[in-house]
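Below is one structure, written out as structure tokens, with a few remarks after it.
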Amino acid sequence: MFPFLIHPILLFFLILPPPTPARPPPTPGPSPVTVLTVRNHNHTWNEFDKFHDSRRGSHVSSIADLKKYFHRFGYLPTRYPNFTDAFDTQFKRAITQYQAQRGVPVSGNLDTITLSHITAPRCGVSDTDTSPFMRHYAYFTGRPRWTRNIPMNLTYAFSPQYSITVLNSSAIKTAFERAFSRWSSVIPVNFTLTDDYVFADIKIGFYSGDHGDGEPFDGVLGVLAHSFSPEIGRLHLDAAETWAVDFESEKSKVAVDLESVALHEIGHVMGLKHTSVREAVMYPSLKPRERKLDLKVDDIKGIQDLYGSNPNFKLGSSNMESYISSNQAVVLRFGLPMWIKLVVIVLVWFSCM
């Protein structure tokens, strides 16, 4: 009997070309928002105003405000002089850099998805690396870190003067304790709560408006918090926010998860800046009622490059994420090159003789 007839099923799968990956139905892209209309050299912003009116809590209400936003977060030069409604070349470049840093389609236009990111609540720390090639974690200028012996112990304390009443002190301390423990689980650093606020390494407080550090808060949503690079150790949260530790009991539509923000700001205190990886803890924005509590590979690699790895840490499936884009090939079963298929067929043939 001809030997190939012995394994017809195997031969069928080996010879059969790999199946074409099933493509999900296309997701409609964001509808472009026309924000610039030139009429006798006058700029009108009807579509932008319409978008802004639909976003309660947004602190951006004009193109001039957008320029101030980009200036504050590092996308326009320090001495940028033109905070007007003119759509100039530097402003368009800032949009392009912002889109690249945020991991959204780079068009240079103020489309809906870009505006939705701009108007989302975010961290007040600037986005240092605005290069369109930045695709992962970043550090403060000079790559500062805490310079203590490894394993390291850092203390933290809460301001007795600048606090909030919407949450009790026990709930606040528990949220921060969990956030600190997530970082210490991946690096050889231990964080210890102390009552000595003056001499604590990390000083935490809830502040309102202009509180003397050159980075005033802006009320509900907008900027949620900000922190300073090592070894300054200051971590400030906006007292105007509706801070929450349990969305079951806190029903406000503008509630912000305290532990998620604490986790992000501790990353800054330890030396990390923002990333363009949306799933990562160090991504700059957080939606109301959103929780982001798992350190991703990007966060872990970034912080371990500064401090090394906790000896007990193992990278597992819980913090592994896929970065396969929609235009990358997906390897499927039996999707082998033809030359490998032919080798296998010959081996099967000889084994059956």
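Hydrogens, waters and symmetry mates are skipped; everything else that's a heavy atom, side chains included, is used. Predicted model only: the values in this text are computed from it and were never measured.
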[X] with [Y], same ILVMFWY side-chain cluster at under 4.5 Å:
{"X": "Phe140", "Y": "Phe228", "result": "no"}
{"X": "Phe180", "Y": "Ile232", "result": "no"}
{"X": "Val261", "Y": "Val254", "result": "yes"}

Considering residues at least two apart in sequence or located in another chain, which fulfil the salt bridge (Lys or Arg N to Asp or Glu O under 4.0 Å) criterion with [X]?
{"X": "Asp257", "value": "Arg291"}
{"X": "Arg145", "value": "none"}
{"X": "Glu215", "value": "Arg72"}

List the residues meeting side-chain contact (heavy atoms from CB on, under 4.5 Å) with [X], not counting sequence neighbours, and say none if there are none.
{"X": "Pro160", "result": "Tyr197"}
{"X": "Asp88", "result": "Lys67, Tyr80, Asn82, Gln90, Phe91"}
{"X": "Asp196", "result": "Thr194, Val198, Phe199"}

About how many Å separate [atom2] of [Y] and [atom1] of [X], when rounded to the nearest 0.5 Å?
{"X": "Ser285", "Y": "Arg278", "atom1": "OG", "atom2": "CZ", "result": "9.0 Å"}
{"X": "Ile164", "Y": "Trp243", "atom1": "CD1", "atom2": "CH2", "result": "7.5 Å"}
{"X": "Thr147", "Y": "Glu231", "atom1": "OG1", "atom2": "CD", "result": "4.0 Å"}
{"X": "Leu235", "Y": "Phe158", "atom1": "CG", "atom2": "CZ", "result": "9.0 Å"}

- request: Applying ring pair (Phe, Tyr, Trp, His ring centres under 6.0 Å), name anything that partners Phe217, two or more places apart in sequence or on another chain.
  value: His211, His226
field: With sequence neighbours excluded, residues passing ring pair (Phe, Tyr, Trp, His ring centres under 6.0 Å) with His71
entry: Phe83
Could you tell me whether the side chain of [Y] reaches within less than 4.5 Å of the side chain of [X], counting heavy atoms only?
{"X": "Asp238", "Y": "Leu224", "result": "no"}
{"X": "Val245", "Y": "Thr174", "result": "no"}
{"X": "Ile204", "Y": "Leu237", "result": "yes"}
{"X": "Asp305", "Y": "Tyr139", "result": "yes"}
{"X": "Leu76", "Y": "Lys68", "result": "no"}
{"X": "Ile118", "Y": "Phe70", "result": "yes"}
{"X": "Thr242", "Y": "Glu250", "result": "yes"}
{"X": "Pro288", "Y": "Pro121", "result": "yes"}

query: Between Lys296 and Glu279, is there a salt bridge with N-O shorter than 4.0 Å?
result: no
task: Apply side chain to side chain donor-acceptor pair (under 3.5 Å) to the pair Ser260 and Glu290, showing each step before the final yes or no.
output: CA-CA 8 Å; Ser260 299; Glu290 178 184 12; over 6 Å; no
[X]: which residues meet the side chain to side chain donor-acceptor pair (under 3.5 Å) condition with it, sequence neighbours left out?
{"X": "Asn109", "value": "none"}
{"X": "Ser181", "value": "none"}
{"X": "Thr89", "value": "none"}

message: Counting only heavy atoms from other residues, nucleotides and ligands, does the tally under 6.0 Å from NZ of Lys253 exceed 12?
response: no
Going by atom type alone, with no hydrogens or angles, which donor-acceptor pairs under 3.5 Å involve a side-chain atom of residues 262-271 and a protein atom two or more places apart or on another chain?
from: His264; atom 1: ND1; to: Val281; atom 2: O; distance (Å): 2.8
from: His264; atom 1: ND1; to: Tyr283; atom 2: O; distance (Å): 3.4
from: His264; atom 1: NE2; to: His268; atom 2: NE2; distance (Å): 3.0
from: His264; atom 1: NE2; to: His274; atom 2: NE2; distance (Å): 3.2
from: Glu265; atom 1: OE1; to: Ser227; atom 2: N; distance (Å): 3.2
from: Glu265; atom 1: OE1; to: Ser227; atom 2: OG; distance (Å): 2.8
from: His268; atom 1: ND1; to: Leu272; atom 2: O; distance (Å): 2.7
from: His268; atom 1: NE2; to: His274; atom 2: NE2; distance (Å): 3.1

message: Before you tell me yes or no, could you show the steps for Phe191 and Tyr156 under ring pair (Phe, Tyr, Trp, His ring centres under 6.0 Å), namely the whole-Å CA-CA distance, both residues' side-chain angles and the distance that decides it to 0.1 Å?
response: CA-CA 7 Å; Phe191 300 94; Tyr156 67 96; 7.2 Å; no
field: Nearest heavy-atom neighbours spanning Trp146 and Leu154
entry: CE3-CD2, 3.7 Å
